[in-house]
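Notes to accompany the following structure.
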Number of protein chains: 2
Amino acid sequence: MGVHRKTRNLELVLDAFRNTQEALSAHLLIERLPVDVNRSTVYRLLDRLEDDGVVHSFLASENIRFYALCKECNQSGHVHSHAHFQCTSCSQVVCLEQEVAVPTLNQYRVDEAQVLLKGQCATCMR
Amino acid sequence: MGVHRKTRNLELVLDAFRNTQEALSAHLLIERLPVDVNRSTVYRLLDRLEDDGVVHSFLASENIRFYALCKECNQSGHVHSHAHFQCTSCSQVVCLEQEVAVPTLNQYRVDEAQVLLKGQCATCMR
DNA sequence: TAACTAATGCGACTGTGTTGCAATAATGCA
DNA sequence: TGCATTATTGCAACACAGTCGCATTAGTTA
């Protein structure tokens, strides 16, 4: 919903996501930006992009939030329920196509299912 | 694997887990201990208990590690693949009975599936 | 071009979790 | 039981992710 001025930083962040298949943490993102952008600024951009349905975020180990572009979301809500994969060797994180079926439970109302698969990616298996 | 002397702190931590159905973060655990126990000590106890297969840990939002007693694990390895539930109102976290089927993927070898379901618990739905 | 205000950078801060080190206490053995 | 050994503990300092207030900078619109 937030106003979005077309700033250099915003474009750089979006480019970084467009140039990769990976999900990125704030830290990784900053590393990949061609110019220095302040940490606070990056977090604020990511927050705004998430509010606007442009990126989604999820937790991977170890305690780090990752962000990736959304395909079918908009500012009225995030609609994905896909799984994520993290390689335990190189720590790379990717979004998977696999949809996650949100299970039903007796005692709880389940609104959301967060699935993180961990293992080895093709590169690290060689 | 680590040596375990039967210390007061160890007993207090185990009691805290035995006295609840919930999973506990280090912070929650410290709050529930009847005496002050140092933060470092608690983290070290949890690490050791996890190594020994007595508790398992997983990440819940927001970026906090939760611990709960294991049922069928021992020091030769953790064997659970159950889901966890976190209430978005009261933040309480519990282990679910539901086993998670680890899916197979083309490009990745999946060793582990972490599933966190989020929604509302019975108490908060009222 | 000027005014408005969103976006930015900076520094300080919070909270989780870790580490080195000296003091303490559980254990095994004489 | 008394003592030596060493695992455990508390403390202080640290690392790192993420947040916040505030003054400055820079898009945007008129």
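The figures that follow rest on heavy atoms only: side chains count, while hydrogens, waters and symmetry mates do not. The sequence lines fix the lettering, A, B, ..., with proteins before strands; numbering per chain opens at 1.
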Heavy-atom side-chain proximity of C90(A) to T123(A) below 4.5 angstrom | no
Are any non-hydrogen side-chain atoms of L10(B) and H4(B) less than 4.5 angstrom apart?
-> yes
Just to confirm, is there a sub-4.0 Å distance from OP1 or OP2 of dG10(D) to any side-chain nitrogen or oxygen of N9(B)?
-> yes
Do H56(A) and C95(A) come close enough that some side-chain heavy atom pair is under 4.5 Å?
-> yes
Please answer: with hydrophobic residues joined when any side-chain heavy atoms are less than 4.5 Å apart, are L116(A) and I64(B) in the same cluster?
-> no
Locate the shortest heavy-atom distance separating F66(A) from A23(A); write the atom from each residue and the value.
-> CD2-O, 3.5 Å
Verdict with supporting geometry, N9(B) and T7(B), side-chain hydrogen bond (donor to acceptor under 3.5 Å, both in side chains) = CA-CA 5 Å; N9(B) 290 342; T7(B) 63; 5.5 Å; no
Protein-to-nucleotide contact annotation, 5' to 3' order, nucleotides 17-30 of chain D [B base; S sugar-phosphate only; - none; under 4.0 Å, heavy atom] = BBBBB----BBS--
L46(B) CG - dT18(C) C1' separation (whole Å) | 14 Å
Non-hydrogen side-chain atoms of L29(B) and V13(B) separated by less than 4.5 Å | yes
L10(A) CG to dG9(C) C1', straight-line distance once rounded to whole Å = 17 Å
Would the number of heavy atoms belonging to other residues, nucleotides or ligands and lying under 6.0 Å from CD of E31(A) be above 12?
-> yes
Nearest-Å distance for atom pair CG/C1', residues D52(B) and dT8(D) | 14 Å
For the helix from dT1(C)-dA30(D) to dA30(C)-dT1(D), measure the angle between the helix axis at one end and the axis at the other, each built from five pairs, rounding to 10°.
-> 30°
Separation of E11(B) atom CD from dT9(D) atom C1', in whole Å?
-> 16 Å
